[in-house]
Amino acid sequence: MKLLTYTTANTEARLGFMHNNQVIDMEDFGEISNFPLPNDMLELIDMGIELIAELNEMVAETPENFFEEIAYSLEEVTFLAPIQKPRKNIIGIGLNYTEHVAESARTLDTTGKLPQKPIIFSKPPTTVTATNTDIIKNTKLTAQLDWEVELAVVIGKHGKYVPKAEALEYVFGYTVINDISARDCRREGQWIVSKGQDTFAPMGPILVTADEIDNPHNLNLSLKVNGVEKQNSNTKFLLFNINDLIEDLSTVFTLEPGDIIATGTPAGVGAGRNPQEWLHDGDVVEATVEGIGTIVNTVREI
């Protein structure tokens, strides 16, 4: 399913899904199906990965005219971040594409050696913002605001010591994250000030459940700034793929439903360019992952 969190002119945040190029309200769909369904993405994830197959079957069996009163056109809705406020910090993975390792070594204080284990950092829940919102550049903190398109993985069930071969069974779905980074805010090797400022995790526009992504390790991802392409790669070039990451992370700490893993960015970031490029007031950033969509954000300086 293609899931989303949305508002309309007359509603607060609602949970929905895409059907025939319309948005169907999830809670309302539950009512017409005599199957109680939640109005929140995290609550839906808590119901289990197995629910998705049942929901798909229910949608297929529902007469089209039943959808009419609970459907909105795309023009009627505003897309929010699929998970507006994660329960925990987003798990970030650094230096996870070979070419990005090389470009970081040229311009940042990294060694250039390929990591032997995933490099893990985090982004607080307050970093999350939606498509078509502003990325806030606090000029008192940074002059070096950068972009990073990433495939994000949403966990669907508790996992501890997950074997690599079983890792994808723990994935509820996928979304897009732009891991905005203030390159001049790293502190003695610690990244959270660089990565963790408010609005530094644009997310969306939707969450695509795992059953709709045939191979998460063969998805094109790209990013544009003011219409000019800056990044273009494919998840097949991940240094540590999703199976590797889930195995490693679940060894360190328990993964729980709703946890979000931003899997890393390919080459083409502003810090790696010659001369270096940074985001400025009014810049428009578009981050795209194949099969999921594009998030668009505008930089605003304060």
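- Contact check for Thr294 versus Val176: no side-chain heavy atoms found under the 4.5 Å cut-off.
- The shortest non-hydrogen separation linking Arg183 to Trp278 is CG-CZ3, 3.4 Å.
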Quick one: side chains of residues 24-33, donor-acceptor pairs under 3.5 Å with protein atoms, not counting sequence neighbours, listed by atom name and distance.
| from | atom 1 | to | atom 2 | distance (Å) |
| --- | --- | --- | --- | --- |
| Asp25 | OD1 | Tyr6 | OH | 2.6 |
| Asp25 | OD1 | Arg14 | NE | 2.8 |
| Asp25 | OD1 | Arg14 | NH2 | 3.2 |
| Asp25 | OD2 | Arg14 | NH2 | 2.8 |
| Asp25 | OD2 | Glu27 | N | 3.2 |
| Asp25 | OD2 | Asp28 | N | 2.9 |
| Glu27 | OE1 | Arg14 | NH1 | 3.2 |
| Glu27 | OE1 | Arg14 | NH2 | 3.2 |
| Ser33 | OG | Phe29 | O | 2.8 |

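- In this structure, CG on Asn39 lies 8.5 Å from OG1 on Thr11, to the nearest 0.5 angstrom.
- Trp191 has its side chain out of reach of Ser181: every pair of non-hydrogen atoms, C-beta onward, lies at least 4.5 Å apart.
- The environment of Phe253 atom CZ is dense: over 12 non-hydrogen atoms of other residues, nucleotides or ligands sit within 6.0 angstrom.
- Thr298 places no side-chain N or O within 3.5 Å of a backbone atom of Asp134 that could act as its donor or acceptor partner.
- Residues Glu212 and Val208 share a closest heavy-atom pair of CB-CG1, 3.6 Å.
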Practice prompt. Check the pair Lys230, Lys224 against side-chain contact (heavy atoms from CB on, under 4.5 Å), reporting the backbone distance first and the verdict last.
Written response: CA-CA 5 Å; Lys230 303 296 183 180; Lys224 296 178 181 179; over 6 Å; no
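- Without hydrogens or angle criteria, Gln116 side chain to Leu114 main chain gives a donor-acceptor distance under 3.5 Å.
- Gln197 contributes a side-chain N or O that, together with a main-chain N or O of Val193, makes up a donor-acceptor pair within less than 3.5 Å.
- In this structure, Ile260 and Met203 have side chains that are in contact, with non-hydrogen atoms separated by less than 4.5 Å.
- Under the 3.5 Å distance criterion, with hydrogens and angles disregarded, a donor-acceptor pair is assigned to the side chains of Ser122 and Asn89.
- Electrostatic pairing of Asp259 and Lys88 counts as a salt bridge here, judged by a charged N lying under 4.0 Å from a carboxylate O.
- Residues Ser73 and Gln22 bring no donor and acceptor atom of their side chains to less than 3.5 Å of each other.
- To the nearest 0.5 angstrom, Asp179 atom CG is 8.5 Å from Thr127 atom OG1.
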Identify every side-chain donor-acceptor pair in residues 156-170 under 3.5 Å, counting partners at least two apart or on other chains, and give the distances.
| from | atom 1 | to | atom 2 | distance (Å) |
| --- | --- | --- | --- | --- |
| Lys160 | NZ | Thr251 | O | 3.2 |
| Lys164 | NZ | Asp244 | OD1 | 3.1 |

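- Atom CG of Leu238 and atom CG of Asn218 lie 11.0 Å apart (nearest 0.5 Å).
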Fill in: Audit row: Leu219, Leu151, side-chain contact (heavy atoms from CB on, under 4.5 Å) steps and yes/no
CA-CA 9 Å; Leu219 298 175; Leu151 173 68; 4.2 Å; yes
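- The distance from the CD1 atom of Ile135 to the CZ atom of Arg300 is 11.0 Å, given to the nearest 0.5 Å.
- In this structure, Ile120 is a member of the same hydrophobic cluster as Val171, with clusters built from ILVMFWY side-chain heavy atoms closer than 4.5 Å.
- A donor atom on one side chain and an acceptor atom on the other are found under 3.5 Å apart for Asn297 and Thr133.
- A donor-acceptor pair under 3.5 Å links the side-chain atoms of Asn96 to the main chain of Phe240, judged by distance alone.
- Val284 and Ile180 fall into different hydrophobic clusters, where Ile, Leu, Val, Met, Phe, Trp and Tyr are joined by side-chain heavy atoms under 4.5 Å apart, directly or via other members.
- In this structure, Gly293 and Pro205 approach most closely via the heavy-atom pair C-CD, 4.0 Å.
- A donor-acceptor distance shorter than 3.5 angstrom exists from the side chain of Thr139 to the backbone of Ile302, with no hydrogens or angles considered.
- Remark: the backbone N or O of Asn234 is not paired with any side-chain donor or acceptor of Asn220 at under 3.5 angstrom.
- Salt-bridge check for Lys137 with Asp281: failed, with every basic side-chain N at 4.0 Å or more from each acidic carboxylate O.
- Counting only N and O atoms by type, the side chains of Glu68 and Asn65 include no donor and acceptor under 3.5 Å apart.
- Counting only N and O atoms by type, the side chains of Asn56 and Asp211 include a donor and acceptor under 3.5 Å apart.
- Contact check for Ile93 versus Ile261: side-chain heavy atoms found under the 4.5 Å cut-off.
- A pairwise comparison of heavy atoms in Glu43 and Pro38 identifies OE1-CB, 3.4 Å as the closest pair.
- Between the side chain of Gln231 and the main chain of Pro266, a donor-acceptor pair closer than 3.5 Å is present.
- Both Val154 and Leu55 are part of a single hydrophobic cluster, where members link through side-chain heavy atoms under 4.5 Å apart.
- Counting only heavy atoms from C-beta outward, the side chains of Phe172 and Leu207 approach each other to under 4.5 Å.
- The shortest distance between side-chain heavy atoms of Ile206 and Pro82 does not fall below 4.5 Å.
- The heavy-atom pair separating Leu141 from Asp184 by the smallest distance is O-OD1, 4.2 Å.
- Within the 3.5 Å criterion, the main-chain N or O of Ala287 finds no donor-acceptor partner in the side chain of Trp147.
- Minimum heavy-atom separation, Leu74 to Phe79: CD2-CZ, 4.2 Å.
- Side-chain atoms of Gln276 come within 3.5 Å of backbone atoms of Ala271 as a donor-acceptor pair (strictly under, hydrogens ignored).
- You'll find the side chain of Thr235 stays beyond 4.5 Å of the side chain of Asn241, heavy atoms only.
- A donor-acceptor pair under 3.5 Å links the side-chain atoms of Thr209 to the main chain of Met1, judged by distance alone.
- At a threshold of 4.5 Å between non-hydrogen side-chain atoms, the residues Leu15 and Leu44 count as touching.
- Atoms CD1 and CD1, on Ile295 and Ile292 in that order, are 10.0 Å from each other to the nearest 0.5 Å.
- To the nearest 0.5 Å, atom CD of residue Glu301 and atom CG of residue Leu145 are 9.0 Å apart.
- For CD of Glu64, the number of neighbouring non-hydrogen atoms (other residues, nucleotides, ligands) closer than 6.0 Å is greater than 12.
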Worksheet item: Can you check side-chain contact (heavy atoms from CB on, under 4.5 Å) on Asn178 and Val149, steps first, answer last?
Response: CA-CA 5 Å; Asn178 189 351; Val149 61; 5.6 Å; no
Discussion item. Assess the residue pair Val23 and Leu4 against the criterion (side-chain contact (heavy atoms from CB on, under 4.5 Å)); give the C-alpha distance rounded to whole Å, side-chain angles, the decisive distance to 0.1 Å, and a yes or no.
Written reply: CA-CA 8 Å; Val23 173; Leu4 71 152; 4.0 Å; yes
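- Residues Arg87 and Glu256 are not paired through a salt bridge, judged by the lack of any N-O separation under 4.0 Å between the basic side chain and the carboxylate.
- By the 30° and 60° cut-offs, the orientation of the rings of Phe67 relative to Phe17 is perpendicular.
- A single hydrophobic cluster is seen to contain both Met58 and Leu3, as judged by linkage of ILVMFWY side chains at heavy-atom distances under 4.5 Å, directly or through other members.
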